[in-house]
Amino acid sequence: MSPNHHKLFYKDPYLKTFETKILKQQQDKKGDFYITLEETAFYPTGGGQPHDIGTLNGVKILNVEEVDGEIRHYVERTLPHLDDQVVGVIDWERRFDHMQQHTGQHILSAAFAQLYDLHTVGFHLGNDTVTIDLDVSELTEEMAGKAEKLANEIITENRSIVAKWVEYDDLVNYPIRKPHL
């Protein structure tokens, strides 16, 4: 089984609700309450993308972080110990917005790479803005306009998006621009 078997957001990013078991409820060093689950559909902050929010048995999730290999769901209050089984509900509007913006970043980054051999060195998806850092000293309006035009053409083609795990030995078969080793 993959080391990410408990990360439901990798199996099905369109999963809006799920049922699972609580592994533990604790406070961190700052005094914030968090819950770890047997499996989760809540995406933690990482990769330039903010965490999901939603609820566990109706209790608001304020933050989700991966700490020391466990995904911590920071909640506004603890759940009763009777709640060994919980229902998680993702804030779907926020998740879908992040998915679209993240995909848009990949498309726009690919357009800059194809047109100008410019590589993305950073990406941040915030609540109100998205930034892409390119490895270039000056970006002209003309360059940005051409990349935007190409990105829009790609989007209009309505290409399929396939997410998959690739084994290290198979990386040579993919045009990887930014390997994570």
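Please read these numbers as outputs of a predicted model, since none were measured by experiment. One is the number of the first residue; the rest follow in order along the sequence.
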> CD1 of I22 to CD of E38: how many Å apart, nearest 0.5 Å?
11.5 Å

> To the nearest 0.5 Å, tell me how far I107 CD1 sits from E148 CD.
12.5 Å

> Look at the aromatic rings of F42 and F18 and report parallel, tilted or perpendicular, splitting at 30° and 60°.
perpendicular

> Of all residues at least two apart in sequence or in a different chain, which pass the salt bridge (Lys or Arg N to Asp or Glu O under 4.0 Å) check with E157?
R159

> Considering non-hydrogen atoms only, spot the tightest contact between Q25 and L79 and give its length.
OE1-N, 2.9 Å

> Is atom CD of E19 surrounded by more than 12 heavy atoms (other residues, nucleotides or ligands) closer than 6.0 Å?
yes

> Nearest 0.5 Å, what's the OG1-CD1 distance between T78 and I35?
7.5 Å

> Do the side chains of H119 and D117 get nearer than 4.5 Å, heavy atoms only?
yes

> Under 4.5 Å between any side-chain heavy atoms of H106 and F123, yes or no?
no

> Same hydrophobic cluster for L115 and L108, using side-chain heavy-atom links shorter than 4.5 Å among ILVMFWY?
yes

> Determine whether more than 12 heavy atoms belonging to other residues, nucleotides or ligands lie under 6.0 Å from atom CD of E142.
no

> Which atoms form the tightest heavy-atom contact between L15 and T17, and what is the distance?
CD1-O, 3.3 Å

> Of the non-hydrogen atoms in R72 and D28, which two are nearest, and what is the gap between them?
NH1-CB, 4.3 Å

> Show the atom names and distances, to 0.1 Å, of all donor-acceptor pairs under 3.5 Å that link a side chain in residues 46-56 to residues at least two apart or in another chain.
| unit_1 | atom_1 | unit_2 | atom_2 | d |
| --- | --- | --- | --- | --- |
| Q49 | OE1 | H102 | ND1 | 2.3 |
| H51 | NE2 | N63 | OD1 | 3.3 |
| D52 | OD1 | R95 | NE | 3.1 |
| D52 | OD2 | Y43 | N | 2.7 |
| D52 | OD2 | R95 | NE | 3.0 |
| D52 | OD2 | R95 | NH2 | 2.5 |

> With distance as the sole test, does N57 use its side chain to make a donor-acceptor pair with the main-chain N or O of V87 at under 3.5 Å?
yes

> Tell me whether L8 shares a hydrophobic cluster with V89, the cluster being built from Ile, Leu, Val, Met, Phe, Trp, Tyr side chains joined at under 4.5 Å.
no

> Quick one: pull up CD1 in I61 and CG in D91 and give me the separation to the nearest 0.5 Å.
10.5 Å

> Nearest 0.5 angstrom please: D133 CG to L139 CG, how far?
11.5 Å

> Go through the structure and list residues passing salt bridge (Lys or Arg N to Asp or Glu O under 4.0 Å) with E153, not counting sequence neighbours.
K149

> Under the 4.5 Å side-chain heavy-atom rule for ILVMFWY, direct or indirect, which residues accompany Y34?
Y74

> Between T36 (side chain) and L23 (backbone), is there a donor-acceptor pair under 3.5 Å?
no

> Tell me, please, which residues at least two apart from E138 pass salt bridge (Lys or Arg N to Asp or Glu O under 4.0 Å).
none

> Under the ring-ring contact (aromatic ring centres under 6.0 Å, His included) rule, collect the residues that match up with Y116, sequence neighbours excluded.
none

> Before giving the answer on side-chain contact (heavy atoms from CB on, under 4.5 Å), spell out for V121 and L134 the whole-Å C-alpha distance, their side-chain angles and the decisive distance to 0.1 Å.
CA-CA 6 Å; V121 295; L134 298 169; over 6 Å; no

> Quick check: do F9 and I71 have side-chain heavy atoms less than 4.5 Å from each other?
yes

> Taking atom NE2 of H124 and atom CD of Q105, what is their separation to the nearest 0.5 Å?
12.5 Å

> Where do A111 and A147 come nearest, in terms of heavy atoms and distance?
CB-O, 3.5 Å

